[in-house]
Amino acid sequence: VVGGVSRVRVPGGDDAAVAAATTDDGPWSRIGKKSGPGSSIPDKNGGEVRLQRDADSHFYVDAMVNGSSVRMMVDSGASIIALTRRDAEAIGIDVDSLPEGGSANTAGGVVPIRPVELNSVGVDGLTVVSVQAAVIDADMPTSLLGQSFLSRLQGVEVSGDTMTLR
């Protein structure tokens, strides 16, 4: 997927997908951590969210990240949520205080990342807590909603110009 983060190098590990990384204190900085890994909060919209394909062929959401709205492109090819520096700072993350925690292969090449664990990420009532993410120190136009969120839903389906999250 264009602009997507596909794989991440974590210090002390091999070139493994971030989704397989542990959630101990390792390279993941915790932001507002309140619940254990794998936790989710039931949605209040009957269990599904429908998204319409945008004119540029992508799907976008206005996600609630740690209680703040962030416009994101849904990127099923991204291992994790990838936040732009601008979005991370807007939701209160002190990016410069986060250690560099590896690198990500993007469409634009290899870029440094700053891993962070988000307290919660929600899309129209579908909420997941303790979500791994990374701030990408690169020129990225929008943040990406990747597999660290999507894989914890019951399902993601695309039919025509509609994506359904459950």
Side-chain angles (χ1 to χ4, degrees), residues 1-41 43 58-153 156 165:
V1 175
V2 174
V5 176
S6 57
R7 297 181 68 77
V8 174
R9 242 178 257 271
V10 177
D14 59 350
D15 189 21
V18 166
T22 62
T23 57
D24 65 7
D25 285 324
W28 301 102
S29 299
R30 296 169 190 261
I31 301 293
K33 176 126 174 90
K34 293 182 182 169
S35 299
S39 300
S40 62
I41 299 169
D43 67 283
H58 297 291
F59 294 94
Y60 292 90
V61 298
D62 290 315
M64 291 301 291
V65 179
N66 289 356
S68 297
S69 182
V70 176
R71 183 78 169 159
M72 303 179 104
M73 182 178 80
V74 179
D75 187 349
S76 62
S79 301
I80 56 171
I81 289 176
L83 295 172
T84 64
R85 175 179 274 272
R86 180 185 67 252
D87 286 342
E89 289 172 342
I91 65 172
I93 296 174
D94 181 2
V95 176
D96 291 326
S97 73
L98 299 174
E100 283 190 16
S103 60
N105 295 320
T106 70
V110 178
V111 297
I113 66 165
R114 297 175 187 269
V116 63
E117 186 171 306
L118 303 170
N119 180 46
S120 64
V121 178
V123 176
D124 289 337
L126 293 174
T127 303
V128 177
V129 298
S130 300
V131 184
Q132 291 178 347
V135 178
I136 306 297
D137 281 329
D139 185 26
M140 203 167 68
T142 187
S143 292
L144 305 174
L145 187 66
Q147 288 295 332
S148 58
F149 175 84
L150 298 171
S151 69
R152 293 176 56 197
L153 300 178
V156 178
L165 308 176

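Start at 1 with the first residue, then count along the sequence. Note that the structure is predicted; figures quoted are calculated from it, not measured.
Between the side chain of Arg152 and the backbone N or O of Val129 there is at least one donor-acceptor pair closer than 3.5 Å. Between the side chain of Gln132 and the backbone N or O of Val116, no donor-acceptor pair lies under 3.5 Å. At least one donor-acceptor pair closer than 3.5 Å links the side chain of Asn66 to the backbone N or O of Ser120.
In this structure the side chain of Val131 never reaches within 4.5 angstrom of the side chain of Val65, judged on heavy atoms.
Residues Ile80 and Ala133 approach most closely at CD1-C, 4.0 Å, considering heavy atoms. The two residues Phe149 and Val121 have their closest heavy-atom pair at CE1-O, 3.3 Å.
The structure places OG of Ser79 at 11.0 Å from CG of Leu150, a figure rounded to the nearest 0.5 Å. Rounding to the nearest 0.5 Å places CG of Leu83 at 11.5 Å from CD1 of Ile113. Here Asp87 contributes atom CG and Ile81 contributes atom CD1; the two are 11.5 Å apart, rounded to the nearest 0.5 Å. Here the CG-CZ distance, from Leu165 to Phe59, works out to 9.5 Å after rounding to the nearest 0.5 Å. The distance from the CE atom of Met64 to the OG atom of Ser69 is 6.0 Å, given to the nearest 0.5 Å.
Partners of Ser68 according to the side chain to side chain contact (heavy atoms under 4.5 Å, CB included) rule, which considers only residues two or more places apart in sequence or in another chain, are Ile91. Under the side chain to side chain contact (heavy atoms under 4.5 Å, CB included) criterion, Arg86 pairs with Thr84, sequence neighbours left out.
Residue pairs that meet the salt bridge (charged side-chain N to carboxylate O under 4.0 Å, His left out) test with at least one member in residues 126-145, sequence neighbours left out, are Arg85-Asp137, Arg114-Asp137.
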Give the intermediate values and the outcome of side chain to side chain contact (heavy atoms under 4.5 Å, CB included) for residues Gln147 and Ser76.
CA-CA 6 Å; Gln147 288 295 332; Ser76 62; 3.7 Å; yes
